[in-house]
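Values reported hereafter were calculated over all heavy atoms of this structure, with side chains retained and with hydrogens, waters and symmetry mates removed. As the structure is a prediction and not an experimental result, all values here were calculated from the model. In each ligand, atom 1 is the first atom listed, and ligand 1 is the first ligand listed.
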Amino acid sequence: MRHLRAASDVASARFSLEERFAAVQAEARRSFSRSDSNSGTIFCLVRMMNEEIPNLTAFDEAALDEAFALVERQARGDAAALDGDAAVEAFRLKWLGTKQGRLKEVSARWLKVAPPEAKKALGMRFNALKPVVEGLLDAALGAGPNDAALAAEAIDITLPGTRRLTGAEHPITRTLNEITSVFAALGYSVGVGPEVETDFYNFECMNFPPGHPARDTQDTLVVAGQERRPQRDRLLLRTHTSPVQMRTMESQPPPVRIVIPGKVHRNDAADATHSPIFHQVEGLCVDTNITFSDLKGTLDHAMKALFGSAVKTRFFPSFFPFTEPSADVQISCIFCGGKGCRKCKNSGWIELLGCGMVDPAVFAFAAEKQPGYDPKKISGFAFGMGVERIAMMKYGVSEIGQFYAGDMRFLGQFA
Ligand code: PHE
């Protein structure tokens, strides 16, 4: 069109109508013959790519070079356009397929029918072409993802990695688990009970009768608005884990060997070693012929397991309403080995827990539901220890508040 318009522009300026017609005709002819020869070339190429190999008409070196070069160019063109496994397999079939592959066709059309004097030259070129095509297939098979895909998932390996903070048990949880596992190894099971407890379980059945002065040693928060309930049913935050002794005995006949870890509450002013909320591990062992020496042996073993085999224990007379006799257990100072230091106030001993033989009055409460707890037939011991106190000693912590402050600089040391 461009040529036609150019011709007509020129014509309109300078030529007559006839001359203009002749010029247009000539231009159209030129233009047509150009496009005809173009489409002819394209047609020939399409045939080459999609269909069979053309027959060879000349067998001189230059003609062979050109023919083989053309086939190789096509193979390279095909290989360059491959994307995905299916395309690679299609390439393999198209070029190396044993029945209809293009190399097979080259061999059939060119080698087999060539005049004898051209066979050697043809064969050499064919033998050179085959590994080229096979190499293209190998490269495509092993090529993996293309550059764009690789770039998209590239990572900068020089950047520092994302650091994952390792979680860790809280030192109180860890100590609590350590204590229970010492007793679990002795055959004790592990139990739990409610933190909001009735007056009956926390006090009355533990032999603190209503109005008894022993209750003053364990003042606590009580739930409001329960004045119309009988005193024994009124709710409070438990002051110790001992009520779970009773809950356990009521639910199963003797023998019993159980440890009970849990949270307890007291109306105590917070200071460096006291907190109104803290943790205890309770222990209860009931069977026939349980004696004070069983209690001593068990706790001596437990202290050695927790603090090291060099630790000694000693038992001092004490008082708890629910044990008789009762004792406070001291261990030889783990800081000075018993010589006397600031930590043990120069005594060489540190008081750690309370214990005693289960009072018959407690068994009498249990026997109301489980007659097997007949104090004439069975006996038992109980003990209770503060988890914070043990953790403070084990880890050298001097402020109990550190356990509850949630300061990662403190807690991170236990990770
Ligand atoms: N319950 C007692 C306390 O909290 C500890 C204790 C438990 C003492 C068992 C003796 C036997 O102080």
Side-chain angles (χ1 to χ4, degrees), residues 172 176 179-180 182-183 188 190-195 197-209 212-221 236-249 256-268 273-287 290-292 294-300 302-303 313-331 350-363 365-366 373 375 379-390 400:
I172 294 299
L176 198 143
I179 299 168
T180 52
V182 165
F183 288 96
Y188 283 64
V190 182
V192 287
E195 248 176 78
E197 191 52 282
T198 62
D199 186 282
F200 175 76
Y201 281 110
N202 194 76
F203 289 127
E204 196 175 330
C205 73
M206 286 289 109
N207 205 23
F208 297 75
H212 194 280
R215 289 190 171 215
D216 294 350
T217 60
Q218 300 194 4
D219 190 18
T220 185
L221 291 170
L236 46 79
L237 301 187
R238 71 178 177 192
T239 58
H240 52 174
T241 40
S242 300
V244 193
Q245 286 187 31
M246 187 56 62
R247 290 184 175 277
T248 308
M249 287 191 282
V256 165
R257 280 170 181 77
I258 193 167
V259 277
I260 303 139
K263 198 178 286 172
V264 300
H265 305 253
R266 294 214 187 153
N267 182 14
D268 279 349
T273 55
H274 293 85
S275 157
I277 304 172
F278 61 104
H279 299 79
Q280 289 187 332
V281 175
E282 188 86 10
L284 175 68
C285 167
V286 182
D287 206 336
I290 298 293
T291 67
F292 200 91
D294 295 318
L295 169 59
K296 285 185 78 172
T298 303
L299 290 181
D300 187 72
M303 293 304 113
T313 54
R314 66 179 187 181
F315 291 68
F316 269 72
S318 184
F319 174 78
F320 300 100
F322 40 91
T323 47
E324 183 61 33
S326 304
D328 284 329
V329 183
Q330 300 180 345
I331 63 168
I350 292 176
E351 196 174 304
L352 214 54
L353 69 146
C355 65
M357 302 305 291
V358 179
D359 195 294
V362 173
F363 281 141
F365 278 106
Y373 291 96
S379 56
F381 62 77
F383 55 87
M385 56 189 98
V387 179
E388 276 78 354
R389 191 160 161 70
I390 292 174
I400 197 171

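- Put simply, the side chain of R389 gets close to the backbone of E351: a donor and an acceptor are under 3.5 Å apart.
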Contact table, ligand 1 N/O with protein N/O, distance under 3.5 Å:
{"residue": "ligand 1", "atom": "1 (N)", "partner": "H240", "partner atom": "ND1", "Å": "3.0"}
{"residue": "ligand 1", "atom": "1 (N)", "partner": "S242", "partner atom": "OG", "Å": "2.9"}
{"residue": "ligand 1", "atom": "4 (O)", "partner": "R266", "partner atom": "NH2", "Å": "2.7"}
{"residue": "ligand 1", "atom": "4 (O)", "partner": "Q280", "partner atom": "NE2", "Å": "2.8"}

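- Of the options N202, D219, T220, a side chain to side chain donor-acceptor pair (under 3.5 Å) to T239 is made by N202 and by none of the others.
- Side chain of Q280 to backbone of G262: no donor-acceptor contact under 3.5 angstrom is found.
- Cation-pi geometry between R247 and Y201 is satisfied (NZ or CZ under 6.0 Å from the ring centre, within 45° of the ring normal).
- Ring pair F322/F208 is tilted by interplanar angle, where 30° to 60° counts as tilted.
- A donor-acceptor pair under 3.5 Å is absent between the side-chain atoms of N207 and the main chain of V362, judged by distance alone.
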